[in-house]
Amino acid sequence: DTEVTQTPKHLVMGMTNKKSLKCEQHMGHRAMYWYKQKAKKPPELMFVYSYEKLSINESVPSRFSPECPNSSLLNLHLHALQPEDSALYLCASSPGRGETQYFGPGTRLTVL
Amino acid sequence: KQEVTQIPAALSVPEGENLVLNCSFTDSAIYNLQWFRQDPGKGLTSLLLIQSSQREQTSGRLNASLDKSSGRSTLYIAASQPGDSATYLCAPFGTYKYIFGTGTRLKVLA
């Protein structure tokens, strides 16, 4: 199984809502990532988990809260988002840091 | 700070042509470089990963080269097909993360 899955595919939320994005991989990868991608722009790294521990936070606002409950699962909790947070959120995994990254299909988030 | 530029930004070619996509990066202290393709609104698919010690990597009709000292990588696509239409992104891995290039939007016409 060489797949990274993400749910939901689409999410619309108001600025006062709380929602979560989910990412799952069963490749035994020890590094997992969250990226944000705006239209016609390259992906920007948000968070890196290595061996289930947060190793990198790219100065992301606290309204985004990552969680890694186990080695296969990565969540991104969203609260009090702004319309400018609307984007495609991509999850990726790799065997280790600096190795081939496998991306999920993304969650298209719209904040009203 | 690493900056990654891809030229051309967009390319439209007839089917069957051989193509060269260019990637340049400002910091040559990289561990490896990946090439990805991205279909509209979708995730990224890794095409090739070249280690810093390698000069070339091949997969099917794709060949990627890396010249670390000059801060350049090229992706060569042989005998292009309409299914190759996508955005191609290069990403060097530096100190701790991949930095993605600006991308080349490729359209192959049937």
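Everything quoted here is computed from the prediction, not taken from an experiment. Side chains included, hydrogens not; waters and symmetry mates left out as well; all remaining heavy atoms used. Reminder, nothing fancy here: chain letters follow the sequence lines and each chain counts from 1.
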Peer 1: Verify the ring-centre separation between Tyr49(A) and Tyr33(A): is it less than 6.0 angstrom?
Peer 2: no
Peer 1: Hey, which of Lys41(A), Gln37(A), Arg108(A) has the most heavy atom pairs under 4.5 Å with chain B?
Peer 2: Gln37(A)
Peer 1: What part of Glu58(A) lies closer than 4.5 angstrom to a heavy atom of chain B: side chain, backbone, both or neither?
Peer 2: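 The answer is the side chain of Glu58(A).
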Peer 1: In terms of heavy-atom proximity below 4.5 Å to chain B, should Glu44(A) be classed as side chain, backbone, both, or neither?
Peer 2: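 It is neither, since no heavy atom gets under 4.5 Å.
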Peer 1: Where does Arg97(A) contact chain B at under 4.5 Å (heavy atoms): side chain, backbone, both or neither?
Peer 2: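 Looking at Arg97(A), backbone and side chain both touch chain B.
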Peer 1: Is the count of non-hydrogen atoms from other residues, nucleotides or ligands lying under 6.0 Å from Lys38(A) atom NZ greater than 12?
Peer 2: yes
Peer 1: Quick one: do the Ser65(B) and Asp67(B) side chains pair a donor with an acceptor below 3.5 Å?
Peer 2: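 No - no donor-acceptor pair under 3.5 Å links their side chains.
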Peer 1: To the nearest 0.5 Å, how far apart are CG in Leu78(A) and CG in Leu109(A)?
Peer 2: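 Separation between the atoms: 6.0 Å.
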Peer 1: Please evaluate residues Cys23(B) and Arg72(B) with respect to the criterion side-chain contact (heavy atoms from CB on, under 4.5 Å), reporting the C-alpha separation (whole Å), side-chain torsions for both, the decisive distance (0.1 Å), and the verdict.
Peer 2: CA-CA 6 Å; Cys23(B) 168; Arg72(B) 293 183 182 183; over 6 Å; no
Peer 1: Please look at Phe93(B) and chain A and tell me whether the side chain, the backbone, both or neither of the residue comes under 4.5 angstrom of a heavy atom of that chain.
Peer 2: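 Side chain only.
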Peer 1: Listed by residue number, which members of residues 29-58 of chain B have a heavy atom under 4.5 Å from any heavy atom of chain A?
Peer 2: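 Within residues 29-58 of chain B, the residues under 4.5 Å from chain A are Asn32(B), Gln34(B), Phe36(B), Gln38(B), Gly41(B), Lys42(B), Gly43(B), Leu44(B), Ser46(B), Leu49(B).
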Peer 1: Roughly how far, to the nearest 0.5 Å, is NZ of Lys53(A) from CZ of Arg30(A)?
Peer 2: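 The NZ atom of Lys53(A) is 10.5 Å from CZ of Arg30(A), to the nearest 0.5 Å.
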Peer 1: If only side-chain N and O atoms count, and only distance matters, is there a donor-acceptor pair under 3.5 Å linking His29(A) with Ser94(A)?
Peer 2: no
Peer 1: Distance-only, no hydrogens or angles: does the Gln6(A) side chain make a donor-acceptor pair with backbone N or O of Tyr89(A) under 3.5 Å?
Peer 2: yes
